[in-house]
Number of protein chains: 2
Amino acid sequence: MKDILKDLNKAFENRVRLGIMSALIVNEALTFNDLKSLLGVTDGNLASHIKSLEKSKYVSYIKSFIDRKPNTEYRVTELGKKAFESHLSAIERLLKG
Amino acid sequence: MKDILKDLNKAFENRVRLGIMSALIVNEALTFNDLKSLLGVTDGNLASHIKSLEKSKYVSYIKSFIDRKPNTEYRVTELGKKAFESHLSAIERLLKG
DNA sequence: CAGAGTACTTTGTAACACAAAGTTATCTAA
DNA sequence: TTAGATAACTTTGTGTTACAAAGTACTCTG
């Protein structure tokens with residue numbers, strides 16, 4: 001496969017993961033439920049996509065209790081931010097021929 | 001699923017199809033072999049992705065013989081152009097929060 | 001300890017991506 | 001008229017992915 005496609009990061013090909021990344025770049029920190037209602041996906045589906053982004057070290061989390069409820073905050077890592085940016089610029093290059 | 005993701009067109013989620021559409025929007029008309037070497041994919045893979053875009057009426061083709069060789073020219077349809085543009089603007093909206 | 005809420009994990013299934021090999025069609029050259 | 005070349009597919013098989021639904025673990029309150 002040529003570079004023109006190779007530069008597109010497969011981790012961001014899926015719409016849910018694209019949504020997670022965009023949301024986290026815009027919002028800095030979001031909970032599981034924030035993402036769930038923002039994206040409108042099921043628990044399991046969201047969890048698995050988050051997990052794959054964690055595995056790539058693109059997303060990190062901090063667990064705590066807030067208002068006596070479990071609260072997991074997700075953030076993009078520096079690596080994630082960079083990877084996402086270069087994915088976007090790969091798309092731009094693609095579109096400009 | 002929320003609108004934020006629903007506006008992303010699943011037909012363009014795949015990298016190869018994204019590449020085909022971009023190439024055809026920039027280039028107006030390309031042959032099977034043009035696309036094949038541009039994207040660096042196998043015959044079968046390319047054919048199946050083109051077929052799915054044809055099925056959505058996003059791409060059309062004209063078959064002929066040029067230089068005594070079979071020549072299939074692919075183009076984006078108006079529908080395809082519009083669909084692709086609104087996909088891109090959905091991505092933009094997503095990124096701007 | 002029951003119940004509620006968050007955040008998962010497991011399970012099962014259907015869709016998808018892809019390479020490799022096989023097929024069809026139309027030409028040229030002998 | 002038939003063998004060979006090339007383009008453009010189609011078929012087949014396999015591994016990967018996406019997803020919903022159901023189940024589980026944890027930690028709180030009453």
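In what follows, every chain begins at residue 1, and chains take the letters A, B, ... in the order their sequences are listed. What you see is a predicted model; the values in this text were computed from it and never measured.
OP1 or OP2 of C:dA7 sits under 4.0 Å from a side-chain N or O of A:Thr72. Side-chain N/O atoms of A:His49 include none lying less than 4.0 angstrom from OP1 or OP2 on D:dT17. Of the side-chain N and O atoms in A:Asn14, one or more sit less than 4.0 angstrom from OP1 or OP2 of D:dA18. Distances shorter than 4.0 Å separate none of the side-chain N or O atoms of A:Thr42 from OP1 or OP2 on D:dC19. Distances shorter than 4.0 Å separate some side-chain N or O of A:Asn33 from OP1 or OP2 on C:dA7. Between A:Arg17 and D:dA18, a side-chain N or O to OP1/OP2 separation shorter than 4.0 Å is present. Residue B:Lys63 has a polar side-chain atom (N or O) positioned under 4.0 Å from OP1 or OP2 of D:dC9.
Within the 6.0 Å centre-distance limit, the rings of B:Phe12 and B:Phe84 are counted as a close aromatic pair.
Contact of the A:Glu13 side chain with the B:Asn14 side chain is registered, since non-hydrogen atoms from C-beta on lie closer than 4.5 Å.
In this structure, A:Phe32 and A:Lys10 both approach DNA chain C, and ranking their closest nucleotides by distance from the 5' end singles out A:Phe32.
Backbone-only contact: B:Lys51 has heavy atoms under 4.0 Å from sugar-phosphate atoms and none from a base. A:Asp43 comes within 4.0 angstrom of a base, heavy atoms only.
Candidate nucleotides D:dC9, D:dA18, D:dT27 were compared by shortest atom distance to the side chain of A:Phe65, and D:dT27 ranks first. With C:dC18, D:dC9, C:dC8 as the choices, the nucleotide that has an atom nearest any side-chain atom of B:Asn45 turns out to be C:dC18.
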